[in-house]
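Worksheet: the structure to be examined is printed underneath.
In what follows, chains carry the letters A, B, and so on, assigned in the order in which the sequence lines appear, proteins first and then strands, with residues in each chain numbered from 1.
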There are 2 protein chains.
Amino acid sequence: MSRAVEIAYVKVREGILSGAFAPGTHLKEAELVEFCGVSRTPIRSALNRLVADDLIEMHRNQGARVKEWPEDDVEDLFALRTLLEGHAAACAAGRISLNELEKIELAIEEMDAVLASRKPLTVKTREFLRLNAVVHASIWQASGSARLQSILTKLVEQALQVRTAATFTLERIAESHHHHKELLRALRAGDSVWAEAIMRSHIRAAQASLARPAD
Amino acid sequence: MSRAVEIAYVKVREGILSGAFAPGTHLKEAELVEFCGVSRTPIRSALNRLVADDLIEMHRNQGARVKEWPEDDVEDLFALRTLLEGHAAACAAGRISLNELEKIELAIEEMDAVLASRKPLTVKTREFLRLNAVVHASIWQASGSARLQSILTKLVEQALQVRTAATFTLERIAESHHHHKELLRALRAGDSVWAEAIMRSHIRAAQASLARPAD
DNA sequence: AGCGTGCAAATTGTATACATTTCTCAACCA
DNA sequence: TGGTTGAGAAATGTATACAATTTGCACGCT
């Protein structure tokens, strides 16, 4: 992506994911021009990409709107994630390299450190989520399917819009952490069935914790 | 999509899918301007959409190239299609409406007519493929997941680029036709397991016929 | 001959002017 | 009062001019 387009894409995307541009908001090009500091041309290019990310909608002569998902859509989103992340884990189990295994192991060790530290919950949560993303991305990569990787990247991004509001408890994080460790064992054993099963549980548990954020 | 963008999108897309723009071809904006009869602005907009469709690639300051997939990529493509179309069929079985069932039935009856006719094989193939697309699209729709629908639309489009070279025999078409009929029975019975299984067979058989086009 | 160097042409990136469409709102009529 | 209409404003769509980058090739150097 070229310079100005990238600026516009990142700034608008962050605005959407952070909630600064709420779902349903009409993104006027003139406003984005001053918000991003580039002209309309790269703005429009960036908007096209955001359409591809399913983060906004555009209709002829009516500009761009931040997409709003129906409440029951979370179910659909996680159903697909469960299916595809499970598939990715199964594929990965059969072909993951030692190098990639080590990367996941390292992330999990970092998680241990974060959880054992005396940082406040919000900081732990933020760092855990970052490492969580590393683990998942590694598995997608190890699955060997660039297509699967790009689809899952998009799905998770959409899930983020929902998740921002969710609260995380130590119990929830610990459960997720245990899933990761078990997943690592399954991958190291090259056991596709095991890897797929634990990954599916991992995603469903995440969905369940969204439904009842007080857990 | 606005007028000029749509013209550009459709023309370039058809050029790619028909093979007029071979994989690897460098699509220069100036050439596309005269090819499409619109200015560079809508051309660029259309190119952005084609990137989202995974039909072209763009790199900074290097323009657009028609994407070329490695030979062994067909396997990955069909693995995902099998997984997702199977899932779509299973979802559809549980919630399809009489109206949608009828639409599929109608398409299948039209297929009967086409196959019974005395048209040449190439014509039969073309009409069969069109009706095949109708059946699949109906099931995606009936699955109730817009996301699944859009992902599968893209995957099939990519498969088309491969399939253009494939040859179709009457036996192959007849087999596919039988799959459709069985699928309809499974859907009508509301049997998710059955629907998913036959759909998975249907996709794998299509893949197998690609691998050995002489079948 | 092989390999940099640098200029010119080609190509893409960005900004902006202009065209077209949609929206807003007030005036008007039934 | 309620609805319709139309002019002006605002927003998007398109074309084009200009800037920045890359590419191709000739030239000169070792």
- prompt: Roughly, in whole Å, what's the span from CD in B:E29 to C1' in D:dT14?
  reply: 15 Å

field: From CA spacing to verdict: ring-ring contact (aromatic ring centres under 6.0 Å, His included), A:H87, B:H87
entry: CA-CA 12 Å; A:H87 181 67; B:H87 181 67; over 10 Å; no

task: Verify the distance criterion only: is there a donor paired with an acceptor across the side chains of B:W140 and B:E85 at less than 3.5 Å?
output: yes

query: Do any N or O atoms from the side chain of B:S45 and from the backbone of B:P42 form a donor-acceptor pair under 3.5 angstrom?
result: no

task: Take the protein atom CE of A:M1 and the nucleotide atom P of C:dT14, then report the distance between them rounded to whole Å.
output: 11 Å

query: Could you state the CG-C1' distance from B:L27 to C:dA10, rounded to the nearest angstrom?
result: 16 Å

Near-ring test B:H202/B:H136, centroid separation under 6.0 angstrom: yes

query: With respect to the phosphate group of D:dT14, does any side-chain polar atom (N or O) of B:S2 fall under 4.0 Å of OP1 or OP2?
result: yes

- request: Establish whether the base of C:dT16 is bridged to the side chain of A:T41 by a donor-acceptor pair shorter than 3.5 Å.
  value: yes

- prompt: Choosing from C:dA15, D:dA11, D:dT14, which nucleotide comes nearest the side chain of B:P42?
  reply: D:dT14

query: In terms of side-chain heavy atoms, does B:Q141 have a donor or acceptor partner in B:S138 at a distance below 3.5 Å?
result: no

Ignoring hydrogens and angles, write down the donor-acceptor pairs under 3.5 Å from the side chains of residues 52-59 of chain B, residues two or more places apart or on other chains.
unit_1	atom_1	unit_2	atom_2	d
B:D53	OD2	B:Y9	OH	2.5
B:D54	OD1	B:K67	NZ	3.4

- prompt: Across the strands shown, which category fits A:R40 at heavy-atom distances under 4.0 angstrom: base, sugar-phosphate, nothing?
  reply: base

- prompt: Heavy atom of residues 45-64 of chain A under 4.0 Å from DNA chain C: which residues?
  reply: A:N61, A:Q62

field: Atom-pair distance (CZ on A:R3; P on C:dT12), nearest Å
entry: 20 Å

- request: For A:H26 and D:dA11, give me the distance from atom NE2 to atom P, rounded to whole Å.
  value: 8 Å

field: Distance, rounded to the nearest Å, where B:L32 contributes CG and D:dA15 contributes P
entry: 14 Å

- prompt: Donor-acceptor pair, A:K124 side chain versus A:I173 backbone, under 3.5 Å?
  reply: no

field: Rounded interatomic separation in angstrom, taking CZ from B:R65 and C1' from D:dT22
entry: 13 Å

field: Between D:dA15 (P) and B:E34 (CD): distance, integer Å
entry: 15 Å

task: Would you indicate what B:I43 reaches in the nucleic acid, counting non-hydrogen atoms under 4.0 angstrom: base, sugar-phosphate, or nothing?
output: nothing

